[in-house]
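Report on one structure; see the data block that follows.
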2 protein chains.
Amino acid sequence: MKVTIKDVAELAKVHKSTVSRVLNNSNDVKEKTKQKVLQAIDTLGYSPNFAARSLASGKSHIIGFVVSEQQISDVVMNPSFPTILKGITTYAEELGYNILMITSVDNDYKSYEQVIRKHAVDGFIILGSTIQIDLNELLIQQGIPYIFIGKHHESADESYVGTDNIEGGYIAAKHLIDLGHTDIRLMVGQVRSQKILSHNIDRITGFKKAFAEAGLSFRDDYIVKTPTDMETGYHFMRTYFTSHEPSAVILSNEVMAMSCINYLSDERPDLLERMSIVTFGDSDFFRHLRPPLTTVSQHFEWIGRTAVEMLASQIAEDDMSTKAVVRKPDLVIRSSSKRK
Amino acid sequence: MKVTIKDVAELAKVHKSTVSRVLNNSNDVKEKTKQKVLQAIDTLGYSPNFAARSLASGKSHIIGFVVSEQQISDVVMNPSFPTILKGITTYAEELGYNILMITSVDNDYKSYEQVIRKHAVDGFIILGSTIQIDLNELLIQQGIPYIFIGKHHESADESYVGTDNIEGGYIAAKHLIDLGHTDIRLMVGQVRSQKILSHNIDRITGFKKAFAEAGLSFRDDYIVKTPTDMETGYHFMRTYFTSHEPSAVILSNEVMAMSCINYLSDERPDLLERMSIVTFGDSDFFRHLRPPLTTVSQHFEWIGRTAVEMLASQIAEDDMSTKAVVRKPDLVIRSSSKRK
DNA sequence: TTGTACGCGTTATCAG
DNA sequence: CTGATAACGCGTACAA
């Protein structure tokens, strides 16, 4: 039934080890016997067994993809998730890796820890903040490399691939300032701990920088902490826009953008009409929304690909060093931002 | 560095095999030695090695999740994808399985075939049509169980978990008929081969049934074949609604719904206002769109969970039999469908 | 260049 | 109830 390396060896009249050599492109194998072996492999339809290979080589050629958000839905439901996933899986497969999904980190992260401990994967790509799930020490102890994408601890010494959020906050604000706006709000999510995550802190920095450059004075209430789910976000928008009417707002993610647009179009079409809106997110997604939103567009597919690339090289070279790679976002201008 | 079963055995002063027994809950082990072993495992922080276990047991406890659409983006970008993925991963992890993603099936399905051949997973859940990718024979030959979700070959004898689309087409049409509509269109996607996929054929069947029941006559042009991507779909809508003004339309998926809504709100707000719209999809998703769409809502999370459940039991019992499970969809009524 | 022999960490089959 | 021993399928020094 199942054909092993032994069968191939017998058919090709060589020893198992020779078969193993051609399998691994070992240079020292005569062309003629190589052909014999290849021939045998072909007629038998042989494929090396995964478990046996992993055991012998100590590598599984699997990358774990951890989705670790307070609410997993927040991440998975996020429109950028598919883009990242696609970037990761397709590039991983190009490099001969497969992707193991690890998602139910919200209940208990037993599954994640198990995957680490039993050495089922060669490395991890971790999406989302890990404020409450800190298994990094374990990873280091076990010698398993890992890379964060999307968010990361501001201070920690971790490998990271992401977007230059200072630049993002800057170009968003500068764009609006150039259009004549001065009364601009930056709406950012807040985590349960009331803390603002590092990527938003960076955006605020960039935001302030644009104000300073333009000689405008910054006010603390330009930064608005906003709920990150659709439901409460919607109600928050109602409360906020009842007492405030800024001439422009910047939303820090897709969910907020939807909440804002929905509320305004439901109850304040006048405000929606005259207020300028800029959002952080994925330009492809917002392209199909109405109104079309000016977007600080992150390179999600690039992030996925880059993370895989870095991780694969770290795995190959047993390299546990850390490095951070960020890329500047693009500003995609659409009709939601207009001259004041 | 790495602690193995041998270390545990030595510390507990028993033989490896005894350790293995407590690991696998073999009943035949004295309580006292069991405690000793457990103790040793704990102090050493031991976890059984994944590869070794797979090799010896012949099971990897990994389920392959294959996303096989003509255009992978169509599926992954589909708003229901995260819901299905969540259903699958969380339930799989409950059962002690991990999920291996296999997505780049659009270029070449080498990766998929490799995963099959090297026996990296115990079974497959396959999302989307497999009209051009037919590795089922190989799966059967290798004795690997698999289950389709979402779509499947109409005739083939395959395990399948999905939605009762006849019922779906029926309730959509009946709802509109009850509201007084008679001039109703059902817009369905067509594949490259010009063929309509089985799930849409079923919906058409249900659609006709509702017409028949109401004593209304059905016309062939009530069924409208529509492009399935956002871009060409949008242009199609323009062409179509320039020459047709039905009083109600039923859209067969999220992308079409977006195309339709976008076009109408851009250029035909009058028509959007008076035409009734019903869509197939995920009610959670459409809840946040404007206008809120009446939705034939599929139970995507249930589909994921059920598929995992079925597959896990087939794996455990070496059961290669096939069975189909379908569930009736719900009709979630929102403001887009109105009395004529 | 190719064959031999052993090890990878578990599970499973037998005895005892 | 527990210990010894043989697979599981492959990689790899070490010989030849």
Side-chain angles (χ1 to χ4, degrees), chain A residues 1-38 40-41 44-61 96 114 117-122 142-143 316, chain B residues 1-38 40-41 44-62 96 114 117-122 142-143 316 318:
Chain A
M1 188 73 211
K2 45 178 54 179
V3 32
T4 77
I5 199 171
K6 196 181 158 196
D7 304 317
V8 177
E10 284 169 2
L11 180 61
K13 292 187 191 171
V14 295
H15 196 266
K16 300 189 312 183
S17 40
T18 305
V19 179
S20 176
R21 281 183 254 263
V22 328
L23 246 38
N24 300 292
N25 293 317
S26 198
N27 21 3
D28 319 297
V29 50
K30 199 175 18 174
E31 184 59 28
K32 192 173 173 187
T33 50
K34 184 174 178 179
Q35 290 309 326
K36 267 200 312 189
V37 172
L38 253 26
I41 288 178
L44 260 44
Y46 164 78
S47 263
N49 175 279
F50 168 73
R53 201 168 222 192
S54 301
L55 181 58
S57 71
K59 300 233 169 296
S60 65
H61 278 263
Q114 277 310 309
R117 298 204 108 97
K118 67 187 183 190
H119 282 257
V121 306
D122 296 342
Q142 306 272 340
Chain B
M1 188 74 213
K2 44 177 56 178
V3 32
T4 77
I5 200 172
K6 196 181 158 198
D7 303 317
V8 177
E10 284 171 2
L11 180 60
K13 292 187 190 170
V14 295
H15 197 267
K16 301 189 310 184
S17 29
T18 304
V19 178
S20 177
R21 287 191 182 95
V22 328
L23 248 39
N24 299 293
N25 295 316
S26 195
N27 22 2
D28 320 298
V29 51
K30 196 172 24 169
E31 184 60 27
K32 193 173 169 187
T33 49
K34 184 174 180 179
Q35 290 309 323
K36 266 200 314 187
V37 171
L38 253 26
I41 288 178
L44 260 43
Y46 164 78
S47 265
N49 175 279
F50 168 73
R53 200 168 224 192
S54 303
L55 179 59
S57 72
K59 300 231 169 300
S60 65
H61 278 261
I62 295 182
Q114 276 310 309
R117 299 204 109 98
K118 68 186 181 188
H119 282 256
V121 305
D122 296 341
Q142 305 272 340
D318 262 308

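Just so we're on the same page: letters track the sequence lines, and every chain starts at 1. Being a predicted model, the structure only gives us computed values, none of them experimental.
Atom NZ in Lys34(B) sits about 11 Å away from atom P in dC1(D), given to the nearest Å.
Looking only at side-chain heavy atoms (C-beta outward), Ile41(B) and Leu23(B) come within less than 4.5 Å of each other.
Heavy atoms only, all atoms of each residue included: Val14(A) and Lys36(A) are closest at CG1-NZ, 4.2 Å. Closest non-hydrogen pair, Gly45(A) versus Arg117(B), comes out as O-NE, 4.1 Å.
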Enumerate, atom names and distances included, each donor-acceptor pair closer than 3.5 Å involving a side-chain atom of residues 49-59 of chain B, sequence neighbours excluded.
| from | atom 1 | to | atom 2 | distance (Å) |
| --- | --- | --- | --- | --- |
| Asn49(B) | OD1 | Ala51(B) | N | 2.9 |
| Asn49(B) | OD1 | Ala52(B) | N | 2.8 |
| Arg53(B) | NH2 | Asn24(B) | OD1 | 3.4 |
| Ser54(B) | OG | Phe50(B) | O | 2.9 |
| Ser57(B) | OG | Arg53(B) | O | 2.8 |
| Ser57(B) | OG | Lys59(B) | N | 3.2 |
| Ser57(B) | OG | Lys59(B) | O | 3.3 |

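Note on Ser54(B): nothing from the nucleic acid sits closer than 4.0 angstrom, heavy atoms only.
For the OP1/OP2 pair of dG3(D) and a distance below 4.0 Å, the side-chain nitrogens and oxygens of Thr18(B) include at least one atom meeting the criterion.
Under the ring pair (Phe, Tyr, Trp, His ring centres under 6.0 Å) criterion, His119(B) pairs with no residue at all, not counting sequence neighbours.
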Pull out every protein N or O sitting under 3.5 Å from an N or O of nucleotides 8-12 of chain C, one pair per line with the distance.
| from | atom 1 | to | atom 2 | distance (Å) |
| --- | --- | --- | --- | --- |
| dT10(C) | OP1 | Tyr46(B) | OH | 2.7 |
| dT10(C) | OP1 | Asn49(B) | N | 2.9 |
| dT10(C) | OP2 | Ile5(B) | N | 2.5 |
| dT10(C) | O5' | Tyr46(B) | OH | 3.1 |
| dT11(C) | OP1 | Asn24(B) | OD1 | 3.4 |
| dT11(C) | OP1 | Asn24(B) | ND2 | 3.4 |
| dT11(C) | OP1 | Arg53(B) | NE | 2.7 |
| dT11(C) | OP1 | Arg53(B) | NH2 | 3.2 |
| dT11(C) | OP2 | Ser20(B) | OG | 2.6 |

